[in-house]
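A short worksheet on the structure shown next.
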There are 2 protein chains.
Amino acid sequence: MSSKSTLERLHLIDRENRHLERAVAVLRWDQETYLPEEGVEDRSEQLAMLESYAHERLISSETGNLLVEMGSTTDNPGGDEKLPVLERDFLKVFRRNYDRAVKLPNSFVSEAAKAEGLSQAAWINARRDNNFNAFLPHLTKMIDFSIRKANFWGFEKKPYDGLLNIYENGMSAEDVAAVFTPMGERLSAFIKKITSLPRPESSFLNREFDMEGQTHFSMELMKHLGFDCARGRLDVSAHPFTTALGSSDIRITTKYLLKHIQSGIFSTIHEMGHAFYEMDFPAELRGTCMADCSSMGIHESQSRLWENVIGRSYSFWEVMFPVLCSCFPGVLSLVPVDAFYRAINMVEPSLIRIEADEVTYSLHVILRFQLERELFSGSLDPADLPAVWRKKMKELLGVEPELDSEGVLQDVHWSMGAFGYFPSYALGNIYGLQFWDKLKSDIPRVEELVAKGNFTPIRSWLRDTIYIWGRRLDPQDLLKTVTGKTLSAEPFLSYIEKKYSGVYGF
Amino acid sequence: MSSKSTLERLHLIDRENRHLERAVAVLRWDQETYLPEEGVEDRSEQLAMLESYAHERLISSETGNLLVEMGSTTDNPGGDEKLPVLERDFLKVFRRNYDRAVKLPNSFVSEAAKAEGLSQAAWINARRDNNFNAFLPHLTKMIDFSIRKANFWGFEKKPYDGLLNIYENGMSAEDVAAVFTPMGERLSAFIKKITSLPRPESSFLNREFDMEGQTHFSMELMKHLGFDCARGRLDVSAHPFTTALGSSDIRITTKYLLKHIQSGIFSTIHEMGHAFYEMDFPAELRGTCMADCSSMGIHESQSRLWENVIGRSYSFWEVMFPVLCSCFPGVLSLVPVDAFYRAINMVEPSLIRIEADEVTYSLHVILRFQLERELFSGSLDPADLPAVWRKKMKELLGVEPELDSEGVLQDVHWSMGAFGYFPSYALGNIYGLQFWDKLKSDIPRVEELVAKGNFTPIRSWLRDTIYIWGRRLDPQDLLKTVTGKTLSAEPFLSYIEKKYSGVYGF
């Protein structure tokens, strides 16, 4: 085959792999939104079939041969240097996905999948029964499987680096620690200061906000932020998420709680941040493996930017608060906008990561990152996790759980063997503010635009500087390209200290 | 392989084929209900991929070899006579599906699929533009492809029999005509009589019925008829349909029109009739190819029985009319239940099949069946269809369309090459009343039960006498097994004549 037709064939395979991935995503989306209760069993079998077919296709020897024909190898994923840069990036991303799949022997994949299924089921029961010991053997097994996985894939210094690289390609645990450790210390100190001050009044957030009004306000948020409903939709699920079911079919979900208006509002904004990224990859990348996020941390930077930096800003509520009030006639009529602003920005160290505020959130992540490193270096015995968890929570956040179900058992990630994922969440905060600082230097009066409800310049900037790269750049390269700088928590920390000294008036 | 393990392997393949079919059905259901406008293009490609994979699997040589090992051939589909009858029925159904797929050469399948795509697109435009000649070359091609298809499959006497057998296995066009022709004459005469009488008042059906009320009433219908929402759901789509996405995931859709309350009500009941059949196959058949309808006509008998015989009966509205009124406070307050009953049973010859009432409906179908036979015997030139359509409409129903878009171009079926499908609709009416007569002899006071809102005995009877067979029996065998009789329109015609002489008071 000529090099041109080899490349065309690879593009076709890529496109078909993508369609298959998305068919799987449709079945998963349906499972989270509309699947009748008793349809779960058949659905699992349908998914297992499609996923194994997708895997088979991805690792086909034809694909491997075509990649080699193009000069793409693990060590030189981009292939022949004379190829146009876009094609080299295509090969680079394709080869990475291919390697991740093909390097794991089939027997290992099915053994791991089975163990993960059992482990998740055990975790659900263990969390319900607050019984860490019932989960411990599964956790140990998940760590073992993950080490084997890292060994199959290869890694720079330590197995944990190999796991981290699934979510944050090109970063080592040392790189992450170099930023997380001082960031954790500064946040802890700042939180001590804040919690010594009087708490803002926020009881009005727990009034009754009917579902019709909440649904209506989500629609208003989508309209104001410019979510294109011809290319996506919003539904409701137990755990909000974003999923791409096609290049022009990006779906988000949210969760409404009658007496906790923040849940619906900030889930909707958060998921829209993810969705904008997935929706606005440039036309030349659409339908290819390059129309994907640079990393999970970069994805998270987009959701957190919209949710927190924009969505919890005073300017944002200058325009949106009257709209919110109009969705709930009478309910918020005596609440001034700045009381609302302070209430939604209340800082309170708490036990559960997913309920944490913008300031304390990263500490929950840093805790998990530190524990993961120790688990994988062998310096922490999994059996000691509950005790170490309590000790570290006390140090970092000043609170400690009585029950393991509110401590070490709270997250699903470890039960699935998803070690190395947690750092993405806090990296999202860090990247987000580095991007925001750059955006502010390019659009100096951005807060004024936000206060007028004009989000178009922000969306265009994100599209033209970040989304435009898709998965072509690794996160550190993207950061450098967009901001000219290397990873630094300084913008995030300055933002936090400035914003919250305002909220708390010191 | 031992005969036992061969059979086990076939059951596994069957189960996997089923899962794959259902994954396809999920993507289709989503397309009709929730897919964002611009997601259509990717979705078509996703569907094409999955369908071609499902087809490949179905026709695999392994499957063919396993069937032969079990002694199952086209002429002896049930295989070895010593096998248990359930396994013989399994092989019979599996072999039939396999033969249907494998007898068509791949090149023919893809050529036909392409032509069907073009034909459907041409039909959409032709109907919009009222331009039959623009559609004519595609129609001719579809007839040609269908003849070739019938030739690949084989048929008893004529190619049209081969097409009819896809939907109504074991029936010939002669069998159908023997029943349809006298039925058409008797219906035409009866309609002439009715249309000479004063029309019942029905203007109140066109008052405004808000969507909340209509949605609520659908829920009430589901509750009263016993639709299990843990095993299915109701959504809204442009064209109401029923689809099985799993053994315990049967979904129906309906369509609400603000000023036409009948649309939502009778679509919901009709689709529930289909859904009950799909939901209540016996446990031993679930997940196999036998958990399927005997034929499209039998499927239609279930929907029409619930929609018309039960859902448009006076007894039904004795219990449901107060519920309906409570969903629309004030809107129907001065309407007595018998006025409502007469209004929903108004007979009026009209141009469009899908809007026809219970009495005139079968004539629309008989017209199409007669035209299809003539097209396939060569006695009717497709170019003459518009004129012949008008002439026959006048004869059968006493009305004739000015525009072809309201005549020969109204239905999608021919544009897809689905010749032989139409008879199912009227066969559904015929089977339905033969079943109902038997049901009434087994449950003599069934109308009293209906008037009390007790539908359980009807549902149990249908389950234990009809659904229990799944696809194990061909329609004529099922009819004989359930009723002890052969196909006859007499019960349907007697029912129509009795009911409507009551409605029209003569």
Side-chain angles (χ1 to χ4, degrees), chain A residues 12-13 15-31 33-54 56-57 212 222 227-235 243-253 275 279 286-287 291, chain B residues 12-13 15-31 33-54 56-57 212 222 227-235 243-253 275 279 286-287 291:
Chain A
L12 180 69
I13 292 174
R15 193 172 173 80
E16 293 189 343
N17 289 345
R18 198 84 173 156
H19 284 319
L20 214 47
E21 274 171 25
R22 260 111 192 233
V24 167
V26 174
L27 269 65
R28 289 202 177 280
W29 171 86
D30 181 75
Q31 180 160 12
T33 51
Y34 295 117
L35 185 71
E37 212 175 301
E38 296 191 21
V40 180
E41 204 180 315
D42 272 15
R43 180 58 48 86
S44 316
E45 293 186 34
Q46 293 159 4
L47 277 165
M49 268 205 69
L50 286 192
E51 280 168 346
S52 99
Y53 175 51
E56 261 171 50
R57 279 186 66 101
E212 291 71 24
M222 291 165 83
F227 184 94
D228 181 356
C229 286
R231 300 185 60 227
R233 47 179 294 122
L234 170 72
D235 295 274
T243 181
L245 308 189
S247 298
S248 288
D249 182 5
I250 317 296
R251 305 195 189 180
I252 62 174
T253 69
M279 277 177 157
R286 281 195 195 162
Chain B
L12 180 70
I13 292 175
R15 196 174 171 78
E16 293 188 343
N17 289 347
R18 197 85 174 157
H19 284 319
L20 215 47
E21 274 171 26
R22 259 105 192 238
V24 168
V26 174
L27 269 66
R28 289 202 176 281
W29 171 86
D30 182 75
Q31 179 159 9
T33 51
Y34 295 117
L35 185 71
E37 212 176 303
E38 296 191 22
V40 180
E41 205 180 316
D42 272 15
R43 180 57 51 84
S44 315
E45 294 187 33
Q46 293 159 5
L47 277 166
M49 268 206 69
L50 284 193
E51 279 169 346
S52 100
Y53 174 53
E56 258 171 51
R57 279 186 66 102
E212 291 72 22
M222 292 164 83
F227 183 95
D228 181 356
C229 287
R231 301 186 58 227
R233 47 180 293 121
L234 170 73
D235 295 273
T243 181
L245 308 189
S247 298
S248 288
D249 182 5
I250 317 297
R251 306 195 188 180
I252 62 175
T253 69
M279 278 176 156
R286 281 196 195 159

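Basis for what follows: all heavy atoms, side chains included, without hydrogens, waters or symmetry-related copies. Chain letters run A, B, ... following the sequence lines, proteins first and then strands; every chain starts at 1.
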Pick from B:Gly246, B:Ser247, B:Ala230: which one has the most heavy-atom pairs with chain A under 4.5 Å? B:Ala230

Can you confirm whether A:Glu41 is buried at CD, in the sense that more than 12 heavy atoms of other residues, nucleotides or ligands lie under 6.0 Å from that atom? no

Report, as yes or no, whether the 6.0 Å neighbourhood of atom CD on B:Glu37 holds more than 12 heavy atoms from other residues, nucleotides or ligands. no

In terms of heavy-atom pairs under 4.5 Å, which option from A:Val26, A:Ile250, A:Asp235 contacts chain B the most? A:Val26

Can you tell me which portion of A:Leu35 sits under 4.5 Å from chain B's heavy atoms? Options are side chain, backbone, both or neither. both

Measure distances from A:Arg286 to the heavy atoms of chain B and classify the residue's part below 4.5 Å as side chain, backbone, both or neither. neither

For residues 43-50 of chain B, tabulate all N or O donor-acceptor pairs below 3.5 Å that involve a side-chain atom, not counting sequence neighbours.
| from | atom 1 | to | atom 2 | distance (Å) |
| --- | --- | --- | --- | --- |
| B:Arg43 | NE | B:Gln46 | OE1 | 2.8 |
| B:Arg43 | NH1 | B:Leu27 | O | 3.0 |
| B:Arg43 | NH1 | B:Asp30 | OD2 | 2.8 |
| B:Arg43 | NH2 | B:Asp30 | OD2 | 3.2 |
| B:Ser44 | OG | B:Val40 | O | 2.9 |
| B:Glu45 | OE1 | A:Arg15 | NE | 3.0 |
| B:Glu45 | OE1 | A:Arg15 | NH2 | 3.1 |
| B:Glu45 | OE1 | A:His19 | NE2 | 2.7 |
| B:Glu45 | OE2 | A:Arg15 | NH2 | 3.0 |
| B:Gln46 | NE2 | A:Leu245 | O | 2.8 |

Which atom pair, heavy atoms only, marks the closest approach of B:Ser248 to A:Pro36? O-CB, 4.5 Å

Toward chain A, the part of B:Arg251 with a non-hydrogen atom under 4.5 Å: side chain

